[in-house]
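Here's the structure we're looking at; comments come further down.
Both ligands and their constituent atoms are indexed starting at 1 by order of listing. Residues take their numbers from the sequence shown, with the count starting at 1. Side chains included, hydrogens not; waters and symmetry mates left out as well; all remaining heavy atoms used.
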Amino acid sequence: MTDVDGVASAQANPTTRRLDDWDTARLTALADTYETPLYVQDLDRVRQNCARLRSAFPDADVRYAVKAHTGRAVLETVREAGLDAECASAGEVDRALTAGFPGDHIHYTAVNPPARDLDRVVEIAAEASGMTITLGAVDTLDRLTERGYDGRVCLRVNPGVGAGHHAKVRTGAAPKFGVPYDRAERVAREAATRVDVVGIHAHAGSGIDADGLEDHRSLVSRMGSLARSLTAPASDELVGGAVDDEFVTDALALEYVDVGGGFGVPYRADEPPLDLDAVAEATRDALGSLPGVDLAVEPGRYVVADAGLLLTRVNTVKPTASEVVVGVDAGMTDLLRPAMYDAYHPIRLLGGATGAPEPADRASTSVTVAGPICETGDVFCRDRQIERPIRGDVLAVGITGAYGYEMASQYNSRPRPAEVALAGGDARLVRRRERHADLTRVERDTAADADGETEGSR
Ligand SMILES: *Cc1c(COP(=O)(O)O)cnc(C)c1O
C-alpha cells in the first residue's frame with residue numbers, strides 16, 4: 001500500500017470516532033423526530049470497525065461478543081462484515097440465529113449456565129450444526145453430556161492474568177471464570193474422551209489499552225504454551241501423575257486458540273486510540289508458532305462503542321453553590337455505565353432550546369448532569385466543563401454503543417428508550433420507545449394465563 005492509499009484509507013476509516021465528529025444538525029433533527037432519550041447507532045461505523053479488525057487480524061477468526069449490543073440490525077451488519085458471533089447466554093444464541101448466523105459461526109460461552117440455557121443450547125446444537133460450546137468447569141461438561149451432547153467443545157482457561165478498566169470487568173484472574181491454568185491440560189485431555197475438544201479460550205477482561213498490553217501479552221503467551229502441550233502427546237509427567245481418570249494421551253487436534261476480547265476504546269477526548277496493529281503484532285508474537293492452529297479474538301466493545309450515542313433533553317437547570325445541576329430525561333436506567341463503573345462518557349451540548357443562542361456563543365460552566373431516578377448515583381458526570389445548557393436543549397452522551405441499551409432496565413418503572421439505526425443517509429427506528437403498558441405486560445400476561453387455566457379446569 002502506498003502512503004497515499006494509507007492516508008486515504010485512514011481518512012475513510014479513522015481509528016476512532018469522537019463525539020465531535022457527529023453532525024449536530026442531524027442529531028438535533030433525530031431528537032426532534034424520535035424524541036428523547038434516544039439511542040443512535042451508526043451501522044456504517046460498525047462496518048468500519050469490523051473492517052479494521054479484519055485487516056489487523058487477517059488470519060484470525062474474529063468473533064463479535066454480542067453482549068455489547070445485541071440489536072438485530074447490528075448483528076446483521078456484523079455478520080455481513082464476516083465476523084462470527086460470541087454469545088454469553090442461550091438468549092444471545094437465539095438472537096444470533098435470528099440474525100442469520102449459521103451454527104458453525106456461533107460460539108456459546110457458558111459461565112455457570114442455568115439448566116434452561118443448557119437445554120436450549122443442546123437443542124439448538126442438534127439443528128444448527130457446527131456450533132461450539134465453551135465451558136469453564138468440569139461440572140458444565142458433565143451437565144452437557146448428561147443431555148446427550150457430544151459435539152464441539154472449547155475449554156475456557158483461567159490464565160491468572162486480568163486486565164480491564166474497572167475491577168468489575170477484570171475476568172482473567174477471577175476464579176469464577178475458567179479452569180485453573182495448571183489443571184487445564186488434564187481437564188482438556190479428559191474432556192476429549194467424551195466430546196470433540198476444538199479449542200482453548202481465555203478472556204482477560206475489558207478495556208485493554210496501551211498500559212494493559214503487557215497483561216495481554218502474558219495471557220496470550222500462556223495460552224500459546226498450553227496449546228503447544230495439547231497439540232503434542234501428553235508428557236510422561238502428566239501420564240505418570242494420572243490416578244484413575246481416563247484421558248487422551250495423543251496430540252489433540254485443536255482448531256484454535258481464542259485469546260478473548262477487551263480491546264479498549266478511548267472514551268476521553270485526550271486518550272489516544274488503541275493501536276490495533278500493535279495489539280495484533282503483540283498477540284501473534286506472544287502466541288508463538290502453532291502450525292495448523294488458528295488465532296481467535298472476541299472483541300465486543302471495540303465493534304460498537306464509538307458507533308453509538310445517547311441523545312437526552314434538558315428539563316431542569318438548577319444553580320447551586322458548587323455547580324449547575326442539569327436535569328435530563330435519560331438516567332442510569334438508560335445508561336448504567338457511569339453509575340456501575342464510574343465510567344466516563346463525553347457529553348456535548350447540541351443546543352436546540354427555542355430562541356437560545358448557539359452553544360458556541362455561550363459561556364462554559366461546571367455542570368453535574370443528573371437523571372430522573374431517585375438515586376444519588378444517577379448522574380452522568382460531575383464537575384464537567386461545558387457550554388451552559390438551557391431548558392429544552394439536547395445533550396449528546398458519546399460512545400454509548402457498547403453496553404448502553406444492553407444494560408438498560410425498567411427500574412423506577414421507566415420505559416426503555418427508543419433506538420434508531422443510521423445507514424448511509426437513512427435513519428430507521430429499530431426499537432420503539434417502550435410504553436407504560438410494556439411495564440405491566442408480564443403481570444397482565446400472567447393474570448391472563450391464570451384465568452385461562454381456571455377456565456380450562458372447570
Ligand atoms: C464480554 C466478553 C468479551 C468482550 O469484551 P469487550 O470488552 O466488550 O471486548 C469477549 N469474550 C468474553 C468471553 C466476554 O465475556
Side-chain angles (χ1 to χ4, degrees), residues 16 46 49-50 52-53 56-57 60-71 74-75 78 83-93 96 106-113 117 132-137 140 153-159 161-174 176-179 199-209 212-213 215-216 219-220 223 256-267 273-274 276 279-280 283 295-308 336-337 340-341 343 399-407:
T16 190
V46 172
N49 290 338
C50 293
R52 273 200 326 289
L53 283 161
F57 293 93
D61 244 354
V62 184
R63 303 161 178 178
Y64 168 53
V66 310
K67 72 174 188 284
H69 190 305
T70 58
V74 166
L75 295 186
V78 168
L83 274 58
D84 281 8
E86 152 68 30
C87 302
S89 70
E92 288 185 358
V93 172
I106 298 178
H107 310 261
Y108 163 59
T109 298
V111 179
N112 304 333
D117 277 40
T132 305
I133 303 180
T134 299
L135 49 87
T140 309
V153 160
C154 167
L155 185 69
R156 181 166 188 171
V157 178
N158 187 315
V161 180
H165 63 83
H166 189 280
K168 283 184 187 153
V169 297
R170 270 168 233 144
T171 53
K176 169 173 171 178
F177 300 100
V179 170
I200 53 172
H201 167 284
H203 171 64
S206 264
I208 294 169
D209 53 19
L213 205 52
D215 287 336
H216 177 70
L219 174 144
V220 174
M223 294 302 282
Y256 63 81
V257 179
D258 187 330
V259 299
F263 302 152
V265 166
Y267 285 89
L274 186 69
L276 208 54
V279 175
T283 305
L295 168 70
V297 291
E298 320 172 315
R301 181 188 318 275
Y302 193 88
V303 175
V304 286
D306 71 354
L336 183 61
R337 299 192 70 254
M340 174 105 168
Y341 308 121
I399 321 189
T400 60
Y403 309 106
Y405 191 101
E406 228 31 68
M407 296 179 96

Exactly one of Arg63, His203, His107 should register a side-chain hydrogen bond (donor to acceptor under 3.5 Å, both in side chains) with Asp258. Which one does?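 Of the listed residues Arg63, His203, His107, the side-chain hydrogen bond (donor to acceptor under 3.5 Å, both in side chains) partner of Asp258 is Arg63.
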
Does ligand 1 have any atom sitting under 4.0 Å from a heavy atom of [X]?
| X | value |
| --- | --- |
| Tyr403 | yes |
| Gly262 | yes |
| His201 | yes |
| Pro299 | yes |

Contact partition for His203 relative to ligand 1, non-hydrogen atoms under 4.0 Å: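 It is the side chain that gets close, since no backbone atom is under 4.0 Å.
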
What about Gly300: any of its N or O atoms under 3.5 Å from an N or O on ligand 1? yes

Could you check if a side-chain atom of Asn49 sits within less than 4.5 angstrom of a side-chain atom of Arg52, using non-hydrogen atoms only?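 Yes, at least one pair of side-chain atoms sits under 4.5 Å.
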
Check the side chains of Thr109 and Glu86 for a donor-acceptor pair under 3.5 angstrom, ignoring hydrogens and angles. yes

Begin with the C-alpha distance, continue with both residues' side-chain angles, and end with the deciding distance and a verdict on side-chain contact (heavy atoms from CB on, under 4.5 Å) for Val259 and His216. CA-CA 9 Å; Val259 299; His216 177 70; 4.3 Å; yes

Got a donor-acceptor contact below 3.5 angstrom from the Tyr64 side chain to the His69 backbone?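 Pair found, side chain donor or acceptor close to backbone of His69.
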
Are the side chain of Asn158 and the backbone of Phe177 linked by a donor-acceptor contact shorter than 3.5 Å?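 Present.
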
Counting heavy atoms only, which of Arg301, Glu298, Arg156 is nearest atom 11 (N) of ligand 1? Glu298

Report the member of Glu86, Arg63, Lys67 with the shortest heavy-atom distance to atom 3 (C) of ligand 1.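 Shortest heavy-atom distance from atom 3 (C) of ligand 1: Lys67.
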
